[in-house]
Protein chains: 2
Amino acid sequence: MKQHIFLTRRSETLPTWNAAFPGASLLPYPASGSQLARPGEAVIWLHVAGDKPDPALLVQEVAGLAPGCCIVVLSNVPSDEEGLAVLEAGAVGYTNALAVPEVLRQIASVVENGGLWVGPNLLQRLIAGMATRSTQVNSSHLDKLSAREKEVALAVAGGASNKEIARRLEISERTVKAHLTAAFERLGVRDRLQLSLLINGTPQASSAPPQTLH
Amino acid sequence: MKQHIFLTRRSETLPTWNAAFPGASLLPYPASGSQLARPGEAVIWLHVAGDKPDPALLVQEVAGLAPGCCIVVLSNVPSDEEGLAVLEAGAVGYTNALAVPEVLRQIASVVENGGLWVGPNLLQRLIAGMATRSTQVNSSHLDKLSAREKEVALAVAGGASNKEIARRLEISERTVKAHLTAAFERLGVRDRLQLSLLINGTPQASSAPPQTLH
DNA sequence: ATCGCCATTGAACAAAAGGACAGTCAGGTA
DNA sequence: TACCTGACTGTCCTTTTGTTCAATGGCGAT
């Protein structure tokens, strides 16, 4: 069990923190210059309230003062954006400052074992946003389609209905469906919306760095 | 402590599973029709090997047989793509089938408390991918929507189906539709595809007919 | 306390989308 | 010529989407 340090602005400790980690230290956080803990031997619980000092910058600063330590951010007003920001800044956990002791201990055990902790809501948003773009992005998707399929696919990507496309291309609605089915198959998507995302390059996941880290 | 059920194709149990949960059940998984467990009272460990039966579909099928239960996927050949797929399908955890007992128990404790479990690698990828993208979503339109409508609209813009969104937000599919109908109305679009184009800021204008009718 | 907004859901319904199976026709190639 | 591919179409059927009508409960404002 590593040492637990709570960093907060107002030097008051929340009852839940004590309940979770009776032996933890409490420090005011503009801890200038001095080292906070022996490298890699502590879990830093960083309490942020609002965005006065940018939480992400704060995380980076604290990371400098406690190299190798896990930083978990406790937010008074949690939001997906803030969570995203601090995690990107190097925090390994993000949760509500009022989380119950069980959850705090849960988080501790996860991060102490090298894991990251993200709340279900944020996580699901991440998954939702990522899921469609993970499937093999090649930018030259349209090249995989025949001329006609391409026309139909582009119309769909522009938001047209099958009926509209049929009228526009002067073919039956049935044929539009046939071309679409072929396009879905060839591009490996399951419906017109994902086809649209693919063609419109909405994913742009190709630019996301692989990130091997830690 | 909930009941633990391991579903696997070959009816052999891995030593690590036993070590982690001595009292767990082991079942072959094409368990047709019959209910697997009392609703919400079990953790289902779904063992997948390769992609013969699509893991994501399998998750959905099992979810139907064990409503309210947590499904954790154990993969013989884990990949970010597979993880993403099963999590999107409703699984609440994804890890290597050979994970050591400590990790399995860790995962169990997380999901039993309503959390999602995603390995550090995949999670980092999600965060990295999201952080670069989250700024470019067209928020001006989203401001016209209520908090809940926004969540649904964003999921749709990411390519999710109503069923998936319902599962993700833990509401009925009917409610998803209600939020969507409201969002269409407020943003002046006629269906999910055009909503996606609007939110993702896709410049379509030229090819997409205004179409007020209906 | 009444009003309006929001979140939620049910039932029923209509329309759109998509899959399965089957078939014609034109053009190019082994 | 036999074979293949792409474009095109039909019918039948299932699933998904979206609407209409209707209702409940929470919550903040007047």
Side-chain angles (χ1 to χ4, degrees), chain A residues 121 124 128 131-132 142-199, chain B residues 39 54 56-57 60-61 63-64 67-68 88-90 142-199 208-209 211-214:
Chain A
N121 280 351
Q124 285 178 336
T132 54
L142 289 174
D143 294 348
K144 297 180 191 157
L145 307 180
S146 73
R148 205 57 163 165
E149 285 161 4
K150 211 178 297 183
E151 279 187 272
V152 176
L154 281 171
V156 163
S161 71
N162 290 346
K163 206 179 300 253
E164 287 166 348
I165 299 172
R167 239 193 319 263
R168 205 179 297 169
L169 299 183
E170 297 188 309
I171 55 181
S172 78
E173 199 176 330
R174 178 62 191 82
T175 307
V176 173
K177 290 182 179 181
H179 288 313
L180 272 182
T181 300
F184 295 158
E185 163 72 20
R186 295 196 187 190
L187 300 182
V189 296
R190 72 164 187 258
D191 57 32
R192 66 213 291 78
L193 183 28
Q194 299 201 336
L195 177 71
S196 154
L197 294 176
L198 194 66
I199 291 180
Chain B
D54 180 359
L57 292 179
Q60 297 188 343
E61 186 183 335
E88 224 207 354
L142 289 175
D143 291 347
K144 297 178 190 160
L145 306 181
S146 75
R148 207 54 163 165
E149 286 160 6
K150 212 177 297 181
E151 281 187 89
V152 174
L154 280 171
V156 163
S161 71
N162 291 346
K163 205 179 298 256
E164 287 166 346
I165 299 171
R167 202 159 23 223
R168 216 175 281 164
L169 267 41
E170 295 187 313
I171 54 182
S172 77
E173 198 175 331
R174 176 64 190 80
T175 308
V176 173
K177 290 181 178 181
H179 289 312
L180 270 183
T181 300
F184 295 159
E185 165 71 22
R186 295 195 186 191
L187 299 182
V189 296
R190 66 162 189 239
D191 57 32
R192 63 211 290 107
L193 185 26
Q194 299 200 338
L195 175 71
S196 155
L197 295 176
L198 191 67
I199 290 180
Q211 293 270 13
T212 350
L213 50 126
H214 91 279

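Chain letters run A, B, ... following the sequence lines, proteins first, then strands; residues in each count from 1.
Following rounding to the nearest Å, A:K163 (NZ) and C:dA17 (C1') show an atom-to-atom distance of 11 Å. Distance CG (A:L169) to C1' (D:dA7): 12 Å, rounded to an integer number of Å. Between the P atom of C:dC5 and the CD atom of B:E185 lies a distance of 13 Å, rounded to the nearest Å. When the P atom of C:dA15 is taken as reference, atom CG of B:L193 falls 21 Å away, rounded to whole Å. Across the protein-nucleic acid pair, A:R186 atom CZ and C:dG18 atom C1' stand 18 Å apart, rounded to whole Å. Residue B:L195 contributes atom CG, which lies 13 Å from atom P of D:dT17 at whole-angstrom precision.
Between the side chain of A:R148 and the base of D:dG6, no donor-acceptor pair under 3.5 Å is found. You won't find any donor-acceptor pair under 3.5 Å spanning the side chain of A:R174 and the base of C:dT24, going by distance alone.
Residue-to-nucleotide proximity on DNA chain D shows that, of B:A178 and A:E173, the 5′-proximal contact is made by A:E173. Residue-to-nucleotide proximity on DNA chain C shows that, of A:N162 and B:V176, the 5′-proximal contact is made by B:V176.
Checking the phosphate oxygens (OP1, OP2) of D:dT19, no side-chain nitrogen or oxygen of B:K177 falls inside 4.0 Å. OP1 or OP2 of C:dA7 has at least one side-chain nitrogen or oxygen of B:S146 nearer than 4.0 Å. OP1 or OP2 of C:dA16 has not a single side-chain nitrogen or oxygen of A:S161 nearer than 4.0 Å.
At least one side-chain heavy atom of A:L187 sits under 4.5 Å from a side-chain heavy atom of A:L145.
Using a 4.0 Å heavy-atom cutoff across all strands shown, B:S172 reaches sugar-phosphate atoms only and no base atom. Residue B:T175 is classed as a base contact, given a heavy-atom separation below 4.0 Å to a base.
Salt bridge present: B:R148 and B:E151 bring a charged side-chain N and a carboxylate O closer than 4.0 Å.
Distance from the side chain of B:E149 is smallest to C:dA7 among C:dA7, D:dT17, C:dT8. Checking D:dC8, D:dT17, C:dG19 against every side-chain atom of A:F184, the shortest atom distance belongs to C:dG19. Ranking D:dG18, C:dA7, C:dG18 by closeness to the B:L180 side chain, first place goes to D:dG18. The side chain of B:H179 lies closest to C:dA7, out of C:dG18, D:dA7, C:dA7.
Heavy-atom minimum distance, B:I165 versus B:V152: CD1-O, 4.1 Å. When all heavy atoms of A:A182 and A:E149 are compared, the pair lying nearest together is CB-OE2, 3.3 Å. Here the closest non-hydrogen pair linking B:R192 and B:A160 is NH2-O, 3.1 Å.
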